[in-house]
A.B. asks: 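One structure is given below, represented as structure tokens, and several questions about it will come after.
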Amino acid sequence: MNLHDTYHRLEQDARDYADADRVLRVVRRRRAVRTAAGAAFAALVIAGFGLQSLVRPSGDTIVAVPAMSASPASYPALPAQGPVGQGAAVYTPCRDGCPTLLALADGRQYLLGAHTVTPPGNITLSPDGRWLGRPTENGYELRDLLGDTVRRVAGVSPATGETGYAYGPWAWSADSRRLILAYHLDGNVGKYLDVDLETGVATAPPAPEGYEPVGILNPGDLVLLDVSQYEGVRREVKLRVGAVEVTFRATADGVLADADHGLTVQVRGDRIFLLEYTGEKVAVLQFDRKGALESRTPLADGRYPVGPTPDGYAVVQVPRDQPNGRQRLLAGDRVLQEFPGEAEIVIPGGARH
Amino acid sequence: MTDTDSFREFVATRGLALSRTAFLLTGDHGQAEDLVQETLVKAAARWRKVTALGDPEAYVRKIMLNQLRTWRRPRRLTFVPTADLPEPPAREDGSTQTDLKIVLRHALGLLTPKQRIVLYLRFYEDLPEAEVAAQLNCSVGTVKRHAHDGLKRLRTVAPQLLEKVHP
């Protein structure tokens, strides 16, 4: 048995993903959206009541996830309402066929669904673990895990007013009071919403055409990226920080993006983080808001970047034997949490950026 | 036959083959589905041009490879309402998944898109380096580099896959 043979055996596991009707619907919809350019981004509905005080991030919490079962029946369902406790992570123990679980800071776990969307990119926890965000059939829902509040954002097509479109979590403010949601139509991100979780008010962030919000700096300044910078090899990236354009540069021979590595920008509190690539080596660059480099942290082999946390920049260490091993979430050399080897994980503050 | 009919017929006859390619390029059912979908959307939008060239499958496969090379997948979030998500169990083929299949599937997730494409073309399609270079519109040296880097990474994470394989 070698690589050639294994490829041919693996192809037998492929399914038929091609759906002509779905493809043609998408083509028609995209054409309709293009012709409706300039249409106002439709409104949304935010419903909510009651507020709880924010909890502070717990830098000391370590949640070791116990031995996993792929059976949804092994876990209690998340209660439909009321406080349940501070969230520590959302994860699914494996890519296919495993339930999606909410792990709390006290070690309890709840079932979010037997077959949900993949948590990364779709489900989110606020940096303080208070808010759980999930896509719903009609938009997006943000639930206060420490109280009774539920914020619901209805997905509305900007072209037709039709509901049923999806949002993805894009960027959190460090104080967990604001979340940028990205509206995506058939996988293509179109518009953004800035949700104030304190008041329940959602507004379109002031991002000019061609710019994407990539973070919220203290005390609330939006960080914007000209998305044309996703293309090509980048040794430097310009971000609009508040009203100022700031340049962030790679060090030495590193690049911030090339054909094999996408541009990654993350914001937490007063800091802006970019990943730097030198060959196959990855380093985390930490800048202040004026573009001054504060630290460069190379990642050891086998460690992959996750994002900034109150404990430092988190990475995940994937075991060589993924089916039987454990993934470790680390900040520096400190273990923050452990997960099954094949888990797909969202940590507090986890979003697109 | 209208363009729409022609496209439907193409998907009906070649959809599974394209799906297999996408699965081997990604190692992930969700990503493969997204890749097939996006590829076919692009092909359908210019179907008349695709068919005019005489070999629609080759053209569509080229779209797929380019799509994978330039994919910023995090910006293309999967739009799937929670209620519609039940993932069917993998089709049983009589011999349950071997360890090597599982290892390869997960190892693919650790490679860059270009490494996955080059290894797929070299070791699944058995294309010589010069032909891989021609398909990817790059130099043979670039193909060698991606193959070398991909195999090096596979040796680290899944050495059992590389018996008898030389870059």
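Residue numbers start from 1 in every chain, and the chains themselves are labelled A, B, ... in the order their sequence lines are given, proteins ahead of strands. No experiment lies behind these values; they were computed from the predicted model shown.
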A.B. asks: Select one option (side chain, backbone, both, neither) describing which atoms of B:Arg153 are under 4.5 Å from chain A's heavy atoms.
C.D. replies: side chain
A.B. asks: Given that the side chain runs from C-beta out, which part of A:Asp301 has a heavy atom under 4.5 Å from chain B: side chain, backbone, both or neither?
C.D. replies: neither
A.B. asks: A:Asp16 vs B:Val36, test: side chain to side chain contact (heavy atoms under 4.5 Å, CB included). Steps then yes/no.
C.D. replies: CA-CA 9 Å; A:Asp16 190 349; B:Val36 169; over 6 Å; no
A.B. asks: What's the spacing between B:Arg8 CZ and A:Leu24 CG if we round to 0.5 Å?
C.D. replies: 5.0 Å
A.B. asks: Between A:Gly279, A:Ala114, A:Ala20, who has the most heavy-atom pairs with chain B when the cutoff is under 4.5 Å?
C.D. replies: A:Ala20
A.B. asks: So which of B:Asp126, B:Thr4, B:Asp149, B:Leu108 has the largest heavy-atom pair count under 4.5 angstrom toward chain A?
C.D. replies: B:Asp126
A.B. asks: With A:Leu10 as reference, evaluate B:Leu24, B:Ile102, B:Leu100 under the side chain to side chain contact (heavy atoms under 4.5 Å, CB included) test and give the passing residue.
C.D. replies: B:Leu24
A.B. asks: Just say parallel, tilted or perpendicular for the rings of A:His8 and B:Tyr124, cut-offs at 30° and 60°.
C.D. replies: parallel
A.B. asks: Can you tell me how far the OH atom of A:Tyr17 sits from the CG atom of B:Leu18, to the nearest 0.5 Å?
C.D. replies: 12.0 Å
A.B. asks: Closest heavy-atom contact between B:Ser19 and A:Ala14?
C.D. replies: O-CB, 4.2 Å
A.B. asks: Let me confirm one number: the CD-NZ distance from A:Glu11 to B:Lys101, rounded to the nearest 0.5 Å.
C.D. replies: 10.5 Å
A.B. asks: Not counting sequence neighbours, which residues clear side-chain hydrogen bond (donor to acceptor under 3.5 Å, both in side chains) with A:Tyr277? List them please.
C.D. replies: none
A.B. asks: What is the distance from atom CZ of B:Arg20 to atom OH of A:Tyr7, rounded to the nearest 0.5 Å?
C.D. replies: 16.0 Å
A.B. asks: Do you know which two heavy atoms are closest between A:Ala18 and B:Val11, and how far apart they sit?
C.D. replies: CB-CG1, 3.7 Å
